[in-house]
There are 2 protein chains.
Amino acid sequence: MTLKILNIEGCKLPLLFNMRNKMRKLTIKELNRPSLEEFKKTEKIGLVIILDNIRSLNNIGSVFRTSDAFLVEKVFLCGISTPPPHPEIHKTALGAEDSVEWEYCTSPMDAISRLSEEGWTIVGIEQVEKSIMLGEFIPDKGKKYALILGNEVKGVMQEAIDQCDFCLEIPQQGTKHSLNISVSAGIVIWHFYSRMME
Amino acid sequence: MTLKILNIEGCKLPLLFNMRNKMRKLTIKELNRPSLEEFKKTEKIGLVIILDNIRSLNNIGSVFRTSDAFLVEKVFLCGISTPPPHPEIHKTALGAEDSVEWEYCTSPMDAISRLSEEGWTIVGIEQVEKSIMLGEFIPDKGKKYALILGNEVKGVMQEAIDQCDFCLEIPQQGTKHSLNISVSAGIVIWHFYSRMME
């Protein structure tokens with residue numbers, strides 16, 4: 001090993017240092033992911049996602065893939081949100097549409113009223129008056145949260161917002177008005193997962 | 001207003017409560033986003049993104065949109081990563097490809113060696129031996145970070161990993177091996193932004 005390094009022409013000390021401390025990429029086997037059967041039995045975090053009329057199948061697929069990674073209990077596909085199976089959802093979800101539990105509801109209001117009655121805290125992901133900035137919010141590990149993500153253009157419908165316990169907002173300082181749904185979902189699901197697993 | 005509420009058939013107290021505390025969605029004007037000119041002058045956070053051979057134009061567009069929202073200083077598009085302008089990038093970036101500074105490099109190694117010489121801390125976003133879990137990492141506000149995001153299939157190239165100061169890993173517990181690039185980018189950029197702005 002040392003001989004090999006010394007043989008490299010023009011070898012500099014930083015390279016020598018880095019090669020000695022080489023960070024090897026993990027193989028898929030080493031990642032030790034659960035099988036579909038193991039995953040189904042794994043305890044999930046107290047988090048469900050309500051998709052309020054999401055148009056893009058790419059966004060839906062991405063929400064499934066993120067929900068699989070962070071142990072989301074269930075995804076509610078509402079209104080125009082296309083449920084699996086669908087080749088376009090599969091292209092992004094890569095099979096996570098089979099591992100994550102889901103249900104279709106004609107309206108997000110159906111999912112909201114049922115979850116509300118079952119004691120879930122309903123949270124809109126939206127830029128509203130009195131919204132709480134995501135970085136300032138610490139989830140209560142004793143509670144269960146249902147997060148509503150809204151349509152690509154219209155956002156979360158006002159009727160749904162009116163039934164929320166509160167809204168979370170991802171603070172943004174750019175020229176654009178919002179983030180992609182799949183990115184917003186990733187950020188908020190990670191926020192809940194990382195704090196609920198602490 | 002009160003009369004209207006009382007007239008709703010089967011009206012329940014929670015509805016009454018919610019309507020009284022209605023959270024109004026903010027208008028685009030109320031979001032008070034900067035113009036392109038104002039944004040260009042806004043101080044950015046000490047963060048650049050190196051895209052190592054990203055194939056999907058959707059992922060590239062999404063990285064631009066997220067970088068706009070969280071004040072990323074620059075995006076380096078390397079190897080097969082297509083630079084703007086491109087209609088497919090625009091479809092996802094929605095103009096953020098004009099607000100965020102960018103540069104094309106033939107190889108990510110060019111960007112890495114230059115940034116390294118300029119004193120940037122080079123960070124691979126990858127699952128490697130000795131990687132640091134994202135939730136455990138707090139960025140040093142006095143430092144500047146260059147994050148490398150790798151190809152959709154191959155991840156960050158080992159040659160680039162070898163030049164990293166360290167690697168950050170987004171812990172995942174699902175059946176899939178990784179998250180979408182655009183979601184990973186969203187989570188790590190948000191992690192740096194929210195902690196560097198604290």
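Order of the sequence lines fixes the chain letters, A, B, ..., with proteins taken first and strands second; residue numbering starts at 1 for each chain.
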Engineer: Linking I/L/V/M/F/W/Y whenever their side-chain heavy atoms sit closer than 4.5 Å, directly or via other members, would B:Phe76 and B:Met157 fall into one cluster?
Structural biologist: yes
Engineer: Is B:Ile148 linked to B:Ile187 within one hydrophobic cluster, defined over Ile, Leu, Val, Met, Phe, Trp and Tyr using a side-chain heavy-atom separation of less than 4.5 Å?
Structural biologist: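 No: no chain of side-chain contacts under 4.5 Å links B:Ile148 to B:Ile187.
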Engineer: If we define contacts as heavy-atom pairs under 4.5 Å, which of A:Glu126, A:Gln158, A:Met133 has the most with chain B?
Structural biologist: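 Heavy-atom pairs under 4.5 Å are most numerous for A:Gln158.
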Engineer: Who among A:Leu94, A:Asp98, A:Val188 has the most heavy-atom pairs with chain B under 4.5 Å?
Structural biologist: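 The candidate making the most pairs under 4.5 Å is A:Leu94.
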Engineer: Are any of the side-chain nitrogens in A:Lys25 or A:Glu30 under 4.0 Å away from the carboxylate oxygens of its partner?
Structural biologist: no
Engineer: Which atoms of A:Ser194 come close to chain B, meaning under 4.5 Å heavy atom to heavy atom: side chain ones, backbone ones, both, or neither?
Structural biologist: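 It is neither, since no heavy atom gets under 4.5 Å.
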Engineer: Regarding B:Asn58 and B:Glu88, do their side chains bring together a donor and an acceptor under 3.5 Å, going by distance alone?
Structural biologist: no
Engineer: Does A:Lys141 have more than 12 heavy atoms from other residues, nucleotides or ligands lying within 6.0 Å of its NZ?
Structural biologist: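 For A:Lys141, atom NZ is crowded (more than 12 foreign heavy atoms under 6.0 Å).
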Engineer: Please determine, among A:Thr27, A:Val183, A:Leu36, the option with the most heavy-atom pairs under 4.5 Å with chain B.
Structural biologist: A:Val183
Engineer: If you tally heavy-atom pairs under 4.5 Å against chain B, which of A:Thr66, A:Leu31, A:Leu26 wins?
Structural biologist: A:Leu26
Engineer: Verify the ring-centre separation between B:Phe137 and B:Phe166: is it less than 6.0 angstrom?
Structural biologist: yes
Engineer: Please state whether the rings of A:Trp102 and A:Phe64 are parallel, tilted or perpendicular, taking 30° and 60° as the class boundaries.
Structural biologist: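 Perpendicular.
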Engineer: Answer yes if the side chains of A:Asp165 and A:Thr121 hold a donor-acceptor pair under 3.5 Å, and no otherwise.
Structural biologist: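 There is no such pair between these side chains.
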Engineer: Using non-hydrogen atoms only, which part of B:Ile189 is less than 4.5 Å away from chain A: side chain, backbone, both, or neither?
Structural biologist: neither
Engineer: Please flag which part of B:Thr92 lies under 4.5 Å from any non-hydrogen atom of chain A: side chain, backbone, both or neither.
Structural biologist: both
Engineer: Might you confirm whether atom NZ of A:Lys154 has over 12 heavy atoms from other residues, nucleotides or ligands at distances under 6.0 Å?
Structural biologist: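 Incorrect, the count does not exceed 12.
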Engineer: Going by distance alone, is a donor N or O of one side chain under 3.5 Å from an acceptor N or O of the other, for A:Asn151 and A:Arg55?
Structural biologist: no
Engineer: Among residues 37-53 of chain B, which residues come closer than 4.5 Å to chain A, judged by heavy atom distances?
Structural biologist: B:Phe39
Engineer: Go through A:Ala185, A:Ser182, A:Pro171, A:Gly135 and name the one with the most non-hydrogen pairs under 4.5 angstrom from chain B.
Structural biologist: A:Pro171
Engineer: Could you tell me which of A:Gln172, A:Lys176, A:Glu198, A:Glu169 has the largest number of non-hydrogen atom pairs under 4.5 Å with chain B?
Structural biologist: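 If we count pairs closer than 4.5 Å to chain B, A:Lys176 comes out on top.
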Engineer: With rounding to the nearest 0.5 Å, note down the distance linking CG in A:Asp110 to OH in A:Tyr104.
Structural biologist: 9.5 Å
Engineer: What part of A:Leu71 lies closer than 4.5 angstrom to a heavy atom of chain B: side chain, backbone, both or neither?
Structural biologist: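 For A:Leu71, the contact with chain B is made by the side chain alone.
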Engineer: Would a line drawn from the ring center of B:Tyr145 to the ring center of B:Trp120 be shorter than 6.0 Å?
Structural biologist: no
Engineer: So for B:Val156, is it side chain, backbone, both, or neither that comes closer than 4.5 Å to the heavy atoms of chain A?
Structural biologist: backbone
Engineer: Chain A heavy atoms under 4.5 Å from B:Ser178: which part of the residue, side chain, backbone, both or neither?
Structural biologist: both
